[in-house]
Amino acid sequence: MPSFAALPGFRDFYPPDFTVRSHIQNAWRETARRYGYEEYDGPPLEPLELYTEKSGDEIVRQLYNFVDKGERAVALRPEMTPTFARMVGARAGGMRKPIRWFSIPQLFRYERTQRGRLREHFQWNVDLVGETDVSADAEVLAVGLDGLRALGLTADDIVARVNDRRLLDALLQQQGLSAVQRMAAYGVIDKLGREKRDESLRRFRMEAGLDEATAQIVLGMVESGDLSALENRHGSEAVSGHIDRLRRYLDTLRDLGLGDFVRFDPTIVRGLAYYTGIVFEIFDRKGELRAICGGGRYDALLSTVSDVDLPACGFGMGDVVLAELLKERKLLPETKARLDYYIVAVSDAERPLQRQLAQVLRGRGRTVSYGFGAAGVGKQFKDADARGAARVVVLGPDEVKQDVAVIKEMATGTELRVNLSRLLKGEEPA
Ligand code: HAM
């Protein structure tokens, strides 16, 4: 028989997996709502050009693209930001600024599958358009951190590493790097934690054309995670404005009660091409997993995909690494199915009543089920137990005659005799 297993890097969501997926997405949605962000979505298939022009090389190499039957070059969306920029750009004129939107799209990237990296994932996108002040950058990161807090994670579990591309740009410019060299240097800096120091030095020389001394200085600069030390050593007029802005950003996050979650890290540059300002990534504190979240400011993107020129910032948070971290921290919800009620019919005569009562309770929002066939009471109780029923209602001929139903609390085994007519009117015992 041919293998019909899911493709590599694609997930089957069995009900317990779906419970986890919903748990994460509910926390994301609820958090975005608390900050006043509105939900949107776009098409999962887009013109190929939207990405070849706007995303970084890495994403373009990973595209799922093909030519459709109308001879259009198309791609499954690998990220949401270009779609978001196009959609907001098309309507921004008539909208109140700042615009706050969020979405939870499923995205597709042909990646080498490994721990935390699949070929599809769900990504929470939170973006804000129309504000240049750092308070907007800080709010966006606060939404992301609060989304993680809503799932039970604390500052002991996660950390946001933040930087400003403008600061790094000024520092590198100060060392005499041209625009082309700076872009090449970003590529090396982006991989710093994942490569040996010597390899990074070699790449600074080979790919960014730096001499040995400059390569050493640049490496030393980005290895220092102390803003004041950086200012003392490399401070200049060009640099200090960017340092001040970063300080205000960190202060704002402190005001929001999130100071413990944030750390300056000049090695964070982000792989995507469109970022222009403050950038950040959220990691597990132990640094064992890949990034949970990445984002930043992209002030030029809207003008390249639409007729408006508006500043923007936002992030994408994936569900794959996050689910791993939650599992490790034992923060995943119980995935066993639960029922509020299971209704047992002792004989076939109680079947109509069983269905009637089920509908009454379901009408009150309860989760209710029962067995279909003619099974004995013992079997029905077993089924109720296996399905995680909190209560079993027993409808038997003698009790029904007396207008009585027996309710058993499965956790304690206590039985309660209640008035059946009242139960059928929706009066449940406490
Ligand atoms: P990104 O860094 O490419 O950013 O992705 C953001 C997050 O999505 C990553 O930190 C990771 O958790 C998750 N992710 C990405 N690729 C995969 C994958 N193959 N498997 C599992 N998880 C993955 C962006 O996509 C930007 N567009 C985010 C953004 C929104 N920036 C501004 N607004």
Side-chain angles (χ1 to χ4, degrees), residues 7-11 21 24 28 32 37 40 42 46 50-51 54-64 76-88 99-129 136-137 139-141 143-145 147-148 158-163 165 190-191 194 268-284 287 289-302 305 310-326:
L7 289 168
F10 284 77
R11 293 170 289 180
R21 168 171 149 184
I24 290 174
W28 285 349
Y37 286 65
Y40 71 98
E46 288 274 26
L50 188 62
Y51 308 110
K54 311 307 160 210
S55 306
D57 287 348
E58 192 166 350
I59 281 197
V60 171
R61 277 198 300 276
Q62 297 167 341
L63 282 174
Y64 273 93
L76 283 172
R77 57 187 177 194
E79 60 158 336
M80 197 61 174
T81 315
T83 301
F84 169 77
R86 184 196 67 213
M87 286 174 64
V88 169
I99 297 160
R100 292 179 170 92
W101 282 11
F102 81 96
S103 188
I104 307 180
Q106 190 173 22
L107 305 178
F108 306 89
R109 298 182 189 182
Y110 197 87
E111 297 234 25
R112 201 162 54 80
T113 56
Q114 50 187 304
R115 191 172 180 209
R117 280 292 174 273
L118 301 175
R119 291 183 176 162
E120 55 74 24
H121 71 284
F122 286 91
Q123 195 188 83
W124 185 29
N125 277 251
V126 172
D127 291 271
L128 186 150
V129 170
D137 299 75
E139 175 175 292
V140 157
L141 177 52
V143 178
L145 289 170
L148 294 170
I158 47 166
V159 61
R161 289 153 55 181
V162 309
N163 189 20
R165 273 201 176 194
D190 188 41
K191 297 269 179 306
R194 281 168 274 158
I268 299 296
V269 292
R270 306 277 299 131
L272 293 160
Y274 46 69
Y275 293 106
T276 55
I278 287 179
V279 283
F280 63 86
E281 290 189 344
I282 303 178
F283 287 89
D284 63 297
L289 307 169
R290 304 194 56 147
I292 300 166
C293 174
R297 177 165 284 281
Y298 49 100
D299 285 347
L301 185 61
L302 264 76
V305 295
L310 285 168
C313 55
F315 68 78
M317 182 184 293
D319 64 342
V320 182
V321 178
L322 176 55
E324 277 193 32
L325 181 61
L326 293 174

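For ligands, and for the atoms within them, numbers begin at 1 and follow the listed sequence. Sequence positions, counted from 1, serve as the residue numbers for this chain. Predicted, not measured: the structure shown is a model, and the values here were computed from it.
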Original post:
For ligand 1, does R270 get within less than 4.0 Å through its side chain, its backbone, both, or neither, judged by non-hydrogen atoms?
Top reply: side chain
Subject >> ligand 1-proximal atoms of L322, by part, heavy-atom distance under 4.0 Å >> reply: neither
Original post:
For atom 28 (C) of ligand 1, what is the nearest protein heavy atom, given as residue, atom name and distance?
Top reply: G316 N, 3.3 Å
**OP:** Would you check whether Q123 reaches within less than 4.0 Å of ligand 1, judged by its heavy atoms?
**Re:** yes
**OP:** Among Y298, W124, W28, find the one that has a ring pair (Phe, Tyr, Trp, His ring centres under 6.0 Å) with F315.
**Re:** W124
Original post:
Does even one non-hydrogen atom of N125 get within less than 4.0 Å of ligand 1?
Top reply: yes
Original post:
Which ligand 1 atoms, with their elements, are less than 4.0 angstrom from a heavy-atom of G116?
Top reply: 20 (N), 21 (C), 22 (N)
Subject >> Sub-4.0 Å atoms of ligand 1 with respect to non-hydrogen atoms of D127 >> reply: 30 (C), 32 (C), 33 (N)
Original post:
Centre of F108's six-membered ring, under 6.0 Å away, within 45 degrees of the axis: is that where NZ or CZ of R77 sits?
Top reply: no
Original post:
What atoms of ligand 1 come closer than 4.0 angstrom to any heavy atom of L118?
Top reply: 18 (C), 19 (N), 20 (N), 21 (C)
Original post:
Quick one: does Y298 get a heavy atom under 4.0 Å from ligand 1?
Top reply: yes
Subject >> salt bridge (charged side-chain N to carboxylate O under 4.0 Å, His left out) involving D284 - partner list, sequence neighbours excluded >> reply: none
Subject >> Closest protein heavy atom (residue, atom, distance) for atom 31 (N) of ligand 1 >> reply: Y275 OH, 2.6 Å
**OP:** Could I get the full list of salt bridge (charged side-chain N to carboxylate O under 4.0 Å, His left out) partners for R270, not counting sequence neighbours?
**Re:** E281
Subject >> Non-hydrogen atom of E120 closer than 4.0 Å to ligand 1 >> reply: no
**OP:** Determine whether any heavy atom of G9 lies closer than 4.0 Å to an atom of ligand 1.
**Re:** no
Subject >> ligand 1 atoms in contact with V320 (distance to a heavy atom under 4.0 Å) >> reply: 21 (C)
**OP:** Inspect the contact between E46 and R86 and indicate whether a charged nitrogen and a carboxylate oxygen are less than 4.0 angstrom apart.
**Re:** yes
Original post:
Taking only heavy atoms of G318, which atoms of ligand 1 are found under 4.0 Å from at least one of them?
Top reply: 7 (C), 8 (O), 12 (O), 13 (C)
**OP:** Could you tell me whether R100 and E139 make a salt bridge, using a distance below 4.0 angstrom between a side-chain N and a carboxylate O?
**Re:** yes
Original post:
Who gets closest to atom 26 (C) of ligand 1 by heavy atom: F122, Y110, Y274?
Top reply: Y274
Subject >> Proximity to ligand 1 by part of C293, non-hydrogen separation under 4.0 Å >> reply: backbone
